[in-house]
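Working notes, beginning with the structure itself.
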Amino acid sequence: MRIAVASSDGKFVNLHLGKANSLYIYDWSDNDGVNFVEHRKLDIKESGKHQGSDVLIACEDCDVIICEQFGFKTKIKAEDLGIKLVVEEETPVMEAVDKYIQHYKFMNS
């Protein structure tokens, strides 16, 4: 499973999806655990509106995006792409990733 986290610093989930100019990408599997893949910088304007679609396009290879917030239109577009959106407010990145994985395991057991 590939998980993107909207974070300005790689330490905390702290970006709205439509303003996420920085994404930290992780892969997770039962066999290998969680592994950092890359830091993606996006050309998202701080003052721009309705940029969630641009972030989704940059995350088409991801199964999950963890962010601070997202808009309704972005949620619909994410569902169409098969991407799950998860809200975590000011949570440490690895805590948010681990929390999602534990929830995923619980729901699929």
Side-chain angles (χ1 to χ4, degrees):
M1 172 187 312
R2 183 155 283 186
I3 303 168
V5 181
S7 173
S8 64
D9 58 8
K11 296 176 184 174
F12 292 93
V13 179
N14 60 4
L15 294 174
H16 185 290
L17 188 67
K19 305 282 184 182
N21 59 1
S22 176
L23 298 163
Y24 289 79
I25 311 299
Y26 298 86
D27 279 340
W28 170 75
S29 72
D30 273 332
N31 295 332
D32 298 326
V34 177
N35 292 295
F36 175 74
V37 175
E38 66 178 308
H39 176 210
R40 293 182 188 171
K41 297 289 281 175
L42 306 179
D43 187 24
I44 299 296
K45 308 296 183 236
E46 181 66 31
S47 62
K49 296 185 188 257
H50 309 294
Q51 300 175 95
S53 294
D54 296 332
V55 178
L56 290 175
I57 289 167
C59 294
E60 284 184 310
D61 63 328
C62 297
D63 302 294
V64 178
I65 302 172
I66 301 173
C67 58
E68 192 172 60
Q69 297 178 34
F70 54 83
F72 184 71
K73 287 183 182 180
T74 301
K75 179 180 192 258
I76 292 170
K77 290 177 183 178
E79 288 173 355
D80 290 345
L81 292 171
I83 299 172
K84 175 141 180 79
L85 299 181
V86 177
V87 172
E88 287 288 338
E89 296 180 11
E90 284 294 323
T91 304
V93 167
M94 290 312 300
E95 184 179 315
V97 169
D98 289 338
K99 182 178 172 182
Y100 178 76
I101 290 167
Q102 294 307 314
H103 175 74
Y104 175 83
K105 286 179 177 180
F106 174 76
M107 295 303 292
N108 289 291
S109 64

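Residues take their numbers from the sequence shown, with the count starting at 1. Note that these values count all heavy atoms, side chains included, but never hydrogens, waters or copies made by symmetry.
- Here the shortest heavy-atom pairing between Ser8 and Leu15 reads N-CD1, 3.6 Å.
- Annotation: the span from Asp54 atom CG to Asn21 atom CG amounts to 12.0 Å, rounded to 0.5 Å.
- A heavy-atom distance below 4.5 Å is found between the side chains of Met1 and Val64.
- Considering only heavy atoms from C-beta on, Asp32 stays 4.5 Å or farther from Asp27 through its side chain.
- Within the 3.5 Å criterion, the main-chain N or O of Arg2 finds a donor-acceptor partner in the side chain of Asp63.
- Closest approach of Cys59 and Ile83 over heavy atoms only: O-CD1, 3.5 Å.
- Contact check for Lys73 versus Ile76: no side-chain heavy atoms found under the 4.5 Å cut-off.
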Could you pull out all donor-acceptor pairs under 3.5 Å where a side-chain atom in residues 96-106 meets a protein atom, sequence neighbours excluded?
from	atom 1	to	atom 2	distance (Å)
Lys99	NZ	Glu88	OE2	3.2

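- Side chains of Ile25 and Ile3 form no contact here, defined as non-hydrogen atoms less than 4.5 Å apart.
- Two residues are said to be in side-chain contact when any heavy atoms from C-beta on lie closer than 4.5 Å; Leu17 and Leu85 meet this criterion.
- Side chain to side chain, Ser53 and Lys77 meet the donor-acceptor criterion of an N or O pair below 3.5 Å.
- Rounded to the nearest 0.5 angstrom, Ile65 CD1 and Leu23 CG are separated by 7.0 Å.
- For the pair Val34 and Met94, the minimum side-chain heavy-atom distance is below 4.5 Å.
- In this structure, Val37 is not a member of the same hydrophobic cluster as Trp28, with clusters built from ILVMFWY side-chain heavy atoms closer than 4.5 Å.
- Summarising the geometry of Asp61 relative to Arg40, their closest heavy-atom pair is OD2-NH2, 2.7 Å, with the distance given to 0.1 Å.
- In this structure, Ile66 CD1 and Glu95 CD are separated by 11.0 Å, a value rounded to the nearest 0.5 Å.
- Note that the NZ atom of Lys19 and the CD1 atom of Ile44 stand 9.5 Å from one another [nearest 0.5 Å].
- With a 4.5 Å cut-off on side-chain heavy atoms, Val86 and Lys84 count as touching.
- Looking only at side-chain heavy atoms (C-beta outward), Tyr26 and Val5 come within less than 4.5 Å of each other.
- Between the side chain of Ser7 and the backbone N or O of Phe12, at least one donor-acceptor pair lies under 3.5 Å.
- Nearest heavy atom pair, residue Gln69 against residue His16, reads CB-CD2, 3.4 Å.
- Looking at residues two or more places apart in sequence or on another chain, you find no side-chain hydrogen bond (donor to acceptor under 3.5 Å, both in side chains) involving Lys11.
- We find the CG-CG distance between Asp9 and Asn14 to be 5.0 Å, quoted to the nearest 0.5 Å.
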Subject >> side chain to side chain contact (heavy atoms under 4.5 Å, CB included) evaluation trace for Glu89 with Val13 >> reply: CA-CA 6 Å; Glu89 296 180 11; Val13 179; over 6 Å; no

